[in-house]
Amino acid sequence: MKTRIKIQTAPFDLGPELEEMSQGAGALATFTGHVRGEDGIETLMLEHYPGMAEREIARHIDDAARRWPLLGVTVIHRVGELKPGERIVLVAVAASHRREAFAACEFLMDHLKTTAAFWKQEQRGTETRWVEAKASDDNAAKRWK
Amino acid sequence: MKTRIKIQTAPFDLGPELEEMSQGAGALATFTGHVRGEDGIETLMLEHYPGMAEREIARHIDDAARRWPLLGVTVIHRVGELKPGERIVLVAVAASHRREAFAACEFLMDHLKTTAAFWKQEQRGTETRWVEAKASDDNAAKRWK
Amino acid sequence: MKLLYFAWVRQKIGKGEEDVKPPAGVATVRDLIRHLTALGPGYADAFADLSRLRAAVNQEHAGFDAPIGDDDEIAFFPPVTGG
Amino acid sequence: MKLLYFAWVRQKIGKGEEDVKPPAGVATVRDLIRHLTALGPGYADAFADLSRLRAAVNQEHAGFDAPIGDDDEIAFFPPVTGG
């Protein structure tokens with residue numbers, strides 16, 4: 001299985017990333033998360049724990065690959081300063097069949113949300129607020145136990 | 001909600017399609033199905049019922065939008081002659097949150113597989129074979145009843 | 001009445017569409033199938049196993065007991081395999 | 001022992017990382033928290049509510065009873081909010 005994990009400050013395009021993933025796979029499921037502009041957010045600052053963030057993502061990819069037959073997984077997560085509308089995260093899963101691709105993609109997103117070492121801070125004007133973890137995300141991750 | 005349905009013989013790129021879908025959405029879930037090269041398939045011929053194929057897709061998009069709050073749906077389905085590795089279908093769903101985007105994307109794929117008026121014929125050398133409907137696809141669609 | 005055939009139904013019958021005027025008494029999809037089956041060996045072959053056949057009336061999936069009329073568009077095809 | 005602080009833990013303590021040599025008897029994450037809390041008001045504030053705090057030992061999520069040693073990398077942070 002081909003695995004790619006990138007944590008980067010630079011924006012990324014979907015086309016080239018997904019084009020490469022598609023090669024040889026019957027099914028490709030992807031998820032892209034964006035900074036929502038609602039509530040007047042002007043900037044989203046993303047902080048991470050270098051080393052641990054990558055390790056956690058790699059661990060969840062390994063877990064997913066043990067559960068489902070996968071052909072490839074790409075996870076890209078941006079850090080630093082993001083503006084509304086920008087992509088924060090991409091999870092792309094290639095498999096032979098759609099059921100596995102969808103399941104693994106959702107599994108990875110649920111675990112990214114609850115254990116990968118990233119923190120978000122919203123900035124509105126001069127006001128800043130650390131985003132709090134959501135119980136709904138914990139519950140989503142628990143579905144897979 | 002923005003809806004786009006395209007049935008076309010021409011190949012399509014993911015980048016521009018998804019770039020447009022991303023605008024203003026928190027979450028974008030996509031599925032892409034490809035012609036698998038296994039079993040020595042040389043060509044996949046896709047036939048459809050013009051008019052009915054579009055109607056069925058539109059109906060399922062309406063059903064999905066009644067079940068989940070969606071911001072946009074794009075479905076592209078190729079017809080005609082396809083080679084191994086080529087994209088057959090794209091389903092992309094934009095929503096505010098990932099749960100809805102994933103669910104609607106999978107819902108649409110399951111229903112596309114079982115009711116949209118498309119038929120596949122595999123060609124290997126001079127031999128042709130109409131692909132038979134799979135019970136697993138029917139069962140997948142029944143999950144949503 | 002406009003008839004459309006797809007996939008192996010089209011191949012067995014040897015055409016993709018035709019206009020027909022079935023005799024009085026053809027009131028349902030099933031009646032139409034019975035009428036068509038008598039038109040020749042291609043039709044008989046296409047309609048030999050109804051468990052493998054699906055129908056649409058005016059571009060919507062329909063059972064074999066669905067009522068049909070002169071202005072309807074009726075399509076016959078195998079279970080779909082798109083996506 | 002290398003300590004790392006993230007998000008508001010980092011802000012309250014006023015630095016992202018530091019090397020410390022805790023006194024003998026600091027054998028678990030919880031012991032370390034107790035030791036750090038006494039170092040000043042920033043630390044006390046950061047560690048005031050343990051229900052809002054998470055820890056990692058050598059880049060793996062760890063409970064407060066996890067054993068720690070001089071060569072370990074210990075991190076403190078709020079529940080994660082990536083993705």
Side-chain angles (χ1 to χ4, degrees), chain A residues 5 7-8 31-36 44-60 75-80 82 87-91 105-123 128-138 140-141, chain D residues 1-20 28-30 32-33 36-37 41-83:
Chain A
I5 300 169
I7 296 177
Q8 60 187 49
F31 179 82
T32 323
H34 304 79
V35 182
R36 279 191 295 272
L44 191 70
M45 282 295 305
L46 262 145
E47 179 173 335
H48 78 302
Y49 181 172
M52 181 170 173
E54 292 86 344
R55 279 173 71 133
E56 278 292 311
I57 295 170
R59 188 168 68 84
H60 294 308
V75 174
I76 304 178
H77 204 302
R78 282 189 66 193
V79 291
L82 280 78
R87 276 185 279 275
I88 303 170
V89 64
L90 166 70
V91 173
C105 190
E106 206 165 359
F107 173 94
L108 288 171
M109 274 309 302
D110 286 344
H111 288 89
L112 253 176
K113 288 266 178 190
T114 50
T115 79
F118 295 88
W119 299 272
K120 289 186 182 125
Q121 189 186 50
E122 299 171 347
Q123 304 185 342
T128 62
R129 190 181 77 87
W130 288 98
V131 175
E132 297 209 17
K134 284 186 285 187
S136 60
D137 284 331
D138 287 333
Chain D
M1 188 179 288
K2 185 179 184 186
L3 305 187
L4 295 167
Y5 310 118
F6 295 98
W8 54 253
V9 180
R10 173 178 52 72
Q11 290 180 317
K12 285 176 194 284
I13 292 176
K15 54 187 144 188
E17 59 178 277
E18 62 184 324
D19 285 300
V20 297
T28 67
V29 173
R30 196 183 304 276
L32 178 62
I33 291 171
L36 292 169
T37 300
Y43 290 97
D45 189 17
F47 296 119
D49 180 359
L50 295 193
S51 74
R52 299 178 64 211
L53 197 77
R54 299 291 181 273
V57 176
N58 298 326
Q59 308 195 348
E60 296 199 7
H61 291 284
F64 294 143
D65 294 324
I68 55 174
D70 278 351
D71 296 332
D72 288 335
E73 175 177 306
I74 323 288
F76 293 103
F77 43 79
V80 303
T81 55

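Lettering follows sequence order; numbering is per chain, from 1.
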Which residues in residues 42-50 of chain D have a heavy atom less than 4.5 Å from any heavy atom of chain A? none
Using a 3.5 Å distance criterion without hydrogens, assess whether the side chain of D:D72 forms a donor-acceptor pair with backbone atoms of D:G69. yes
Between A:L46, A:V131, A:V79, A:L112, the one whose heavy-atom pairs under 4.5 Å with chain D are most numerous: A:V131
Interchain contact, D:Q11 with chain A, by part (heavy-atom threshold 4.5 Å): side chain
I'd like to know if the side chain of A:H111 and the backbone of A:A116 have a donor-acceptor N/O pair within less than 3.5 Å. no
Just so I know, are the side chains of D:H61 and A:E56 near enough to count as touching, which here means a heavy-atom distance under 4.5 Å? yes
Taking the side chain as every heavy atom from C-beta outward, state whether D:L3 and D:I13 have any pair of such atoms under 4.5 Å apart. no
So, using salt bridge (Lys or Arg N to Asp or Glu O under 4.0 Å) as the criterion, who are the partners of A:E47 when residues are at least two apart? D:R10
Is there side-chain contact between D:E73 and D:Q59, with at least one heavy-atom pair below 4.5 Å? yes
Could you work out, with side-chain contact (heavy atoms from CB on, under 4.5 Å) as the rule, every residue matching A:P50, not counting sequence neighbours? A:H48, D:F6
Contacts of residues 75-82 of chain D with chain A (heavy atom under 4.5 Å): D:A75, D:F77, D:P78, D:P79, D:V80, D:T81, D:G82
Is there a donor-acceptor contact under 3.5 Å linking the side chains of A:T115 and A:H60? yes
Side-chain contact, heavy-atom cut-off 4.5 Å: A:E54 with A:I57? no
Take atom CG of D:D71 as the centre, draw a 6.0 Å sphere, and report whether it contains more than 12 heavy atoms from other residues, nucleotides or ligands. no
